[in-house]
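Written below as structure tokens is the structure these notes are about.
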Amino acid sequence: MSTYHLTHLAQLEHEAIFILREVFAQFERPALLFSGGKDSIVMVRLAQKAFAPSRLPFPLVHVDTGHNFPETIRFRDQMVEAVGARLIVRYVEDSIRAGRAQEEKGLNPSRNGLQTVTLLDAIEEFKFDACLGGARRDEEKARAKERFFSHRDEFGQWDPKNQRPELWNLFNGRKHPGEHFRVFPLSNWTEMDVWQYIAQERLEIPSIYFAHRRSVVNRSGVLLADTPFISLLPGERFEEKQVRFRTVGDATCTGAVESSASNLDEIIQEVASARVTERGARADDKRSETAMEDRKKAGYF
Amino acid sequence: MSTDTRYLSMDLLRFTTAGSVDDGKSTLIGRLLYDSKAIFDDQLEAIERATEQRGEDHLNLSLLTDGLRAEREQGITIDVAYRYFATPRRKFIIADTPGHIQYTRNMVTGASTANLAIVLVDARKGIVEQTCRHSFIAALLRIQHLVLAVNKMDLVDWSEDRFNEIVAEYKQFASRLEIPDIRFIPLSALHGDNVVDRSTHMPWYHGGSLLYTLETVYIGSDLNHVDARFPVQTVIRPNSDEHHDFRAFAGRIAGGVFKPGDDVVALPSGIGSRIKSIHGPAGELSEAFAPMSVAMTLEDNIDLSRGDMVVKANNPPQATQDIEAMLCWFSEKKLQPGGKYLLRHTTRESKCVLKAVRYKVDINTLHRKAGDLEIGMNDIGRVHLRVAHPLLCDSYQRNRATGSFILVDEFTHATLGAGMIIGTPMSELPGPGTVEMGGL
């Protein structure tokens, strides 16, 4: 019997592939939300495996805040070409120009929350009925309650108190017209699992995940990169540090961590001994105790 | 390199935790997570801040899992929360199931994917109604391993006699359940005794700590590797010049072992063929087993699509339109006699109708409720369902994947209940005192 054994990483991989195929089978117009971050890179690899030797049976969708790290965008375009996928980009900037979203007030307005408007517009424009995302339950406490198949009403809203129970391998993707699902094949993965999988599969990732020297400002414990989207407050100054990013998001709210990890093995060791969560450096989660739940209810990723 | 690549041989254990309100479940989970470094400093600080804002004295570790606003406001857990931690030997997924309003839904959901259940009791109170309820659901869902964690041993002076009393009482109750592996661990979650490290207060206990037990319990034979079952999820057809004739059937193996060259039968058509190749995530495979996700090609071009099943010729599942099942009901809307529902089983969906409720279980005592056949929220009962198309199924006892189903509301699309197949209708039911454990 012991020969029929799968490692934890293999079990997670088989589970994620099952979910991806279930989405293809249960929905008519799925899409894969792709940010160029490590989780969405893993998602693309799993999708390739799920449908090989076919090409990806759904497009990649990127909601671009305009506040990107240029390395991520370069990487995104290279990867899309290598995979032969279809990429759809929708811009928060366009939503603002069209008057559908309003730039935040203040010194360093973040467009993180505005992505929801652009995303929901894109879902409506292309009539997507299932959006695959790389979110994981270990990231954040509201996400710990998330389903694999997460129902969204016709306004794109999540109702966390009224979710469908998920038992065994049975996933209920039934919905009314205008409603859609967010589907999270990496639900049971941890940050460590993602890094181990990237190492096992030898996946390419954007350079900003590895330690590099960069000019940053320390704002309430979050190291924000020197980009055109950040202006200094009185008393603040940029300083050069050796850093890397644990998550890749909007440059106005994604903090770097001081690190010397320059390859995957070193990152895995660093993650193993980390004492702060991956999203601990995300200013967007620090806005309130339930910041993530509130954004998710409104239709955020 | 050795420290970096240890993860390549780690396996995975899924377990569920259940307990009554004040038996220290959150403290226990908090300690497992903290001692295995799965709680981080910023999470701890956030909990400290929140505890302080609430004016509570002790660090409230339940705030770690109760992430939703409504949960934090009301101080209750609404939904199953999943938590993750790992040791060098194993990765663990905890399904933390609250015992409040929707207790059957939560416990059944958590138990449906678990290898092991931890049932907590307070050493001062011993076996209570909820202990029985949790154990019954673990047994009904066919969890093979159960740990009865006797907590708060510090409050009974680490008494061996008290522990033995509880063990004896539980064994008597559990003889009616069909759980093959039950272990008993005396511990104090608050002080950490026997949670991660062996306790120095209880030299009379010679077993392992809870974490050691979780790390070493053998789960390799829990899955069915005998009856080959492959429910087809979808068909992969590249439609490219390079792979012009490629047609593979994708799915997750629900039981048994398949190899290229195996003679197989496609159901329900009954047409035979032979496996040409099996493709896994890392390429072609010489054998594939549950719960792998694979794509299979066959020697013959036969009609096969989602909802169908590939099996070995000499070992078919049952194909029946009438099933007897234990049904757990989650909805506030009661189960309707003659009611029509959508039944989801493996990759197939069919309409079904409720023909009869045989009996209802009192899940606190394991007795049948005499003269009460109304199945409402949190109830569990044995039912007879008639399905529009034959289900290709096994008893849940034999195979969790091909023996389970959910019922979905045709109009609201809500998931209303979950069922475990016992078999086909029999002329006679077992004696009036007996409650079946899900398979006969």
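As a basis for the values below, the full set of heavy atoms in this structure was taken, side chains included, without hydrogen atoms, waters or symmetry mates.
In this structure, the portion of B:V294 lying under 4.5 Å from any heavy atom of chain A is its backbone and not its side chain. Of the atoms belonging to A:Q26, it is side-chain heavy atoms, and not backbone ones, that fall under 4.5 Å from chain B. For A:A16, no part lies under 4.5 angstrom from a heavy atom of chain B. When heavy atoms are compared at a cutoff of 4.5 Å, B:F92 does not approach chain A at all. Interface remark: A:E166 contributes backbone atoms only to the contact with chain B (heavy atom separation under 4.5 Å). In this structure, chain B has no heavy atom under 4.5 Å from any part of A:N162. Of the atoms belonging to A:E15, heavy atoms from both backbone and side chain fall under 4.5 Å from chain B. With a threshold of 4.5 angstrom between heavy atoms, A:F18 approaches chain B through its backbone and through its side chain. Looking at A:H151, there are no atoms closer than 4.5 Å to chain B (heavy atoms on both sides), in backbone or side chain. Heavy atoms of B:R344 lying under 4.5 Å from chain A belong to its backbone as well as its side chain. Residue contact with chain A, scored on non-hydrogen atoms closer than 4.5 Å, is absent for B:H279. Proximity to chain B is limited to the backbone of A:A52, based on heavy atoms less than 4.5 angstrom apart.
The six-membered or imidazole ring of A:W189 lies near that of A:Y197, with a centre-to-centre distance under 6.0 Å.
Side-chain atoms of A:T190 and A:D193 include a donor-acceptor pair closer than 3.5 Å. In the model, A:E266 has a side-chain atom that pairs as donor or acceptor with a side-chain atom of A:S262 under 3.5 Å. Checking B:E215 against B:T87 by side-chain atom types alone, a donor-acceptor pair falls below 3.5 Å.
Salt-bridge check for B:D11 with B:R90: passed, with a basic side-chain N closer than 4.0 Å to an acidic carboxylate O. Salt bridge annotation for A:R136-A:D39: present, with a cationic side-chain nitrogen under 4.0 angstrom from a carboxylate oxygen. Salt-bridge check for A:K38 with A:E191: failed, with every basic side-chain N at 4.0 Å or more from each acidic carboxylate O.
Under the side chain to side chain contact (heavy atoms under 4.5 Å, CB included) test applied with A:F148, the options A:F184, A:F181, A:F171 reduce to a single match, A:F171.
By number of non-hydrogen pairs under 4.5 angstrom with chain B, the leading residue of A:F51, A:F24, A:W168 is A:W168. Counting heavy-atom pairs closer than 4.5 Å to chain B, the top residue among A:S54, A:P53, A:S187, A:P57 is A:P53. Counting heavy-atom pairs closer than 4.5 Å to chain B, the top residue among A:R174, A:K175, A:R55, A:K49 is A:R174. Listed options A:L6, A:L264, A:L46, A:N188 were ranked by heavy-atom pairs under 4.5 angstrom with chain B; first place goes to A:N188.
Around CD of B:E332, the count of heavy atoms belonging to other residues, nucleotides or ligands within 6.0 Å does not exceed 12. In this structure, A:E154 places its CD atom where only 12 or fewer heavy-atom neighbours from other residues, nucleotides or ligands lie under 6.0 Å away.
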